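Just below is one structure, and these are the notes that go with it.
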Amino acid sequence: MINKLVGKIKKTGAPIVVGLDPMLSYIPEHIQKKAFGEFGETLEGAAEAIWQFNKEIVDKTYDLIPAVKPQIAMYEQFGVPGMAAFKKTVDYCKQKDLVVIGDIKRGDIGSTSAAYAVGHLGRVKIGGREYLPFDEDFATVNPYLGSDGVNPFIDVCREEKKGLFILVKTSNPSSGEFQDRLIDGRPLYELVGEKVAQWGAQCMGDDYSYIGAVVGATYPEMGKALRKIMPKTYILVPGYGAQGGQGKDLVHFFNEDGLGAVVNSSRGIIAAYKQEAYGAFGPENFGDASRAAVKAMAEDINNALAQK
């Protein structure tokens, strides 16, 4: 699957992931009104509004981007109907030939970790048949429990030719409380990066490993150090736009080949119509605003890379 991701990045010229992280407050009133008119102000109504919102954004951007990243918590908050909307979104994105990164941030051990891996990336056997429960292409994983938590995911990835993005240095302000702590004179995130590179060396695609890393755009100098530690690791970079990251902050996340990183923007794209820069589109044309935001983001990143 890493080969497909790299191929689509080359084809689109846009190292971008659209984060499908819908909150009800992002969804225009006319979408909510229609969903609630059909299902009432219920969990089912909220899930329908989310699905229709996602579908419009995907329809307006799928030809410009290589991948999407639905954050599962935004769906779980609406219970079983929300999870049905998550699955519907994953399936629709795959129909559009998009790479789907399930942002699930799981981290456990043994049979529990294996069950998470099977549920999101693998196949579950029921009687004489096998099923693909959620069927994302990549999943995000928390490595805090060590190899016992990650290896079950790697095993499933090998079987299914899928991939992982392992949290190394996250974009949130308090990440340094643990991730920056020094161990034998080195920050913990560097040690985690080294371990990711070791895991990845066993799981190579054509040019890059299918065991990737998450490194936040809000820490460009740390990204520069981690790029050297993980030269064959694809880096998923959250924190662009709404969290403050810009194209000029991202150049060190990429290798000299212009590859090696893919940058996520969530509300900066899906709620673009709320921004002053795209306000002229209005809520009725929120999908067109998202398309314009994708184009602007790709231009920003590519211009920064051209000056690297």
Side-chain angles (χ1 to χ4, degrees), residues 5-22 26 56-71 93 96 98-99 101 103 138 165 168-173 208 212-227 233-282 285-308:
L5 178 60
V6 172
K8 288 189 70 66
I9 290 171
K10 290 178 178 178
K11 180 180 178 181
T12 60
I16 290 174
V17 177
V18 173
L20 295 175
D21 306 350
Y26 299 169
E56 176 68 9
I57 289 170
V58 170
D59 285 345
K60 290 296 174 70
T61 61
Y62 76 92
D63 59 317
L64 302 177
I65 60 174
V68 294
K69 183 178 71 63
Q71 162 52 254
C93 291
K96 294 292 188 179
L98 291 167
V99 173
I101 302 169
D103 195 355
F138 287 82
F165 285 103
V168 175
K169 176 60 183 172
T170 57
S171 59
N172 57 299
Y208 287 91
V214 177
V215 182
T218 45
Y219 300 103
E221 288 304 311
M222 296 174 186
K224 185 176 181 180
L226 286 165
R227 178 75 282 169
T233 301
Y234 236 84
I235 298 177
L236 172 61
V237 187
Y240 181 91
Q243 292 187 51
Q246 300 177 36
K248 62 183 176 61
D249 302 320
L250 305 176
V251 293
H252 298 304
F253 291 86
F254 291 81
N255 282 318
E256 292 302 318
D257 59 5
L259 300 169
V262 63
V263 183
N264 178 79
S265 179
S266 297
R267 62 184 181 272
I269 290 176
I270 66 174
Y273 76 96
K274 289 177 170 284
Q275 300 173 34
E276 184 178 351
Y278 307 105
F281 287 97
N285 299 302
F286 68 93
D288 294 312
S290 295
R291 183 177 181 86
V294 166
K295 288 182 175 180
M297 180 178 173
E299 183 179 7
D300 178 37
I301 293 171
N302 287 325
N303 285 344
L305 288 174
Q307 297 171 28
K308 183 179 177 180

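Every value quoted in this text rests on a predicted model; they were computed, and no experiment measured them.
Between K295 and E299, none of the side-chain N atoms (NZ, or NE/NH1/NH2) sits under 4.0 Å from a carboxylate O, so this pair counts as no salt bridge. For R267 and D21, the salt-bridge test fails: no basic side-chain N is under 4.0 Å from an acidic carboxylate O.
Atom CZ of R291 sits about 10.5 Å away from atom CZ of F281, to the nearest 0.5 Å. Rounded to the nearest 0.5 angstrom, K60 NZ and D288 CG are separated by 3.5 Å. If you take CG on L236 and CZ on F253, they are separated by 10.5 Å, rounding to the nearest 0.5 Å. The distance from the NZ atom of K224 to the CG atom of L250 is 14.0 Å, given to the nearest 0.5 Å. From L64, atom CG reaches atom CD1 of I16 across 8.5 Å, with rounding to the nearest 0.5 Å.
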Does the side chain to side chain contact (heavy atoms under 4.5 Å, CB included) test come out yes or no for I269 and Y240, once each step is laid out? CA-CA 10 Å; I269 290 176; Y240 181 91; over 6 Å; no
side-chain hydrogen bond (donor to acceptor under 3.5 Å, both in side chains) between S266 and N264, intermediate numbers included: CA-CA 7 Å; S266 297; N264 178 79; 3.1 Å; yes
Could you please spell out the steps behind the side chain to side chain contact (heavy atoms under 4.5 Å, CB included) verdict for F165 and I235? CA-CA 8 Å; F165 285 103; I235 298 177; over 6 Å; no
CA sep, side-chain torsions, deciding dist, call: N255, Y208, side-chain hydrogen bond (donor to acceptor under 3.5 Å, both in side chains): CA-CA 11 Å; N255 282 318; Y208 287 91; 3.0 Å; yes
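Here the shortest heavy-atom pairing between A261 and P15 reads O-CB, 3.7 Å. Pairing each heavy atom of K169 with each of Y219, the nearest pair is CE-CD1, 3.7 Å. The minimum heavy-atom distance between T61 and V294, with the atom names listed, is CG2-CG2, 4.0 Å. The two atoms that bring A272 and A289 nearest to each other are CB-O, 3.7 Å, heavy atoms only. Nearest heavy-atom pair across V215 and G223 is CG1-CA, 4.0 Å. A213 approaches V168 most closely through the heavy-atom pair CB-CG2, 3.7 Å.
Residues I65 and L98 are in side-chain contact: their nearest non-hydrogen atoms beyond the backbone lie under 4.5 Å apart. Contact of the L5 side chain with the F138 side chain is registered, since non-hydrogen atoms from C-beta on lie closer than 4.5 Å. For the pair P220/H252, no side-chain contact is recorded, criterion being any heavy-atom separation below 4.5 Å from C-beta on. At a threshold of 4.5 Å between non-hydrogen side-chain atoms, the residues L20 and I270 count as touching. D59 places a side-chain heavy atom less than 4.5 Å from the side chain of K96. At a threshold of 4.5 Å between non-hydrogen side-chain atoms, the residues V263 and I301 count as touching. By the 4.5 Å heavy-atom criterion applied to side chains, L259 and Y234 are counted as neighbours. Side-chain contact between V18 and K69 is absent, with no heavy-atom pair separated by less than 4.5 Å.
Judged by distance alone, the side chain of R227 and the main-chain N or O of G260 form a donor-acceptor pair under 3.5 Å. The closest donor-acceptor contact from the side chain of N302 to the backbone of G13 lies under 3.5 Å. A distance-only check finds a donor-acceptor pair linking the side chain of Q275 to the backbone of G268 [under 3.5 Å].
Between Y273 and Y278, the ring centre distance reaches or exceeds 6.0 Å.
Environment of NZ in K10: sparse, with no more than 12 heavy atoms of neighbouring residues, nucleotides or ligands closer than 6.0 Å.
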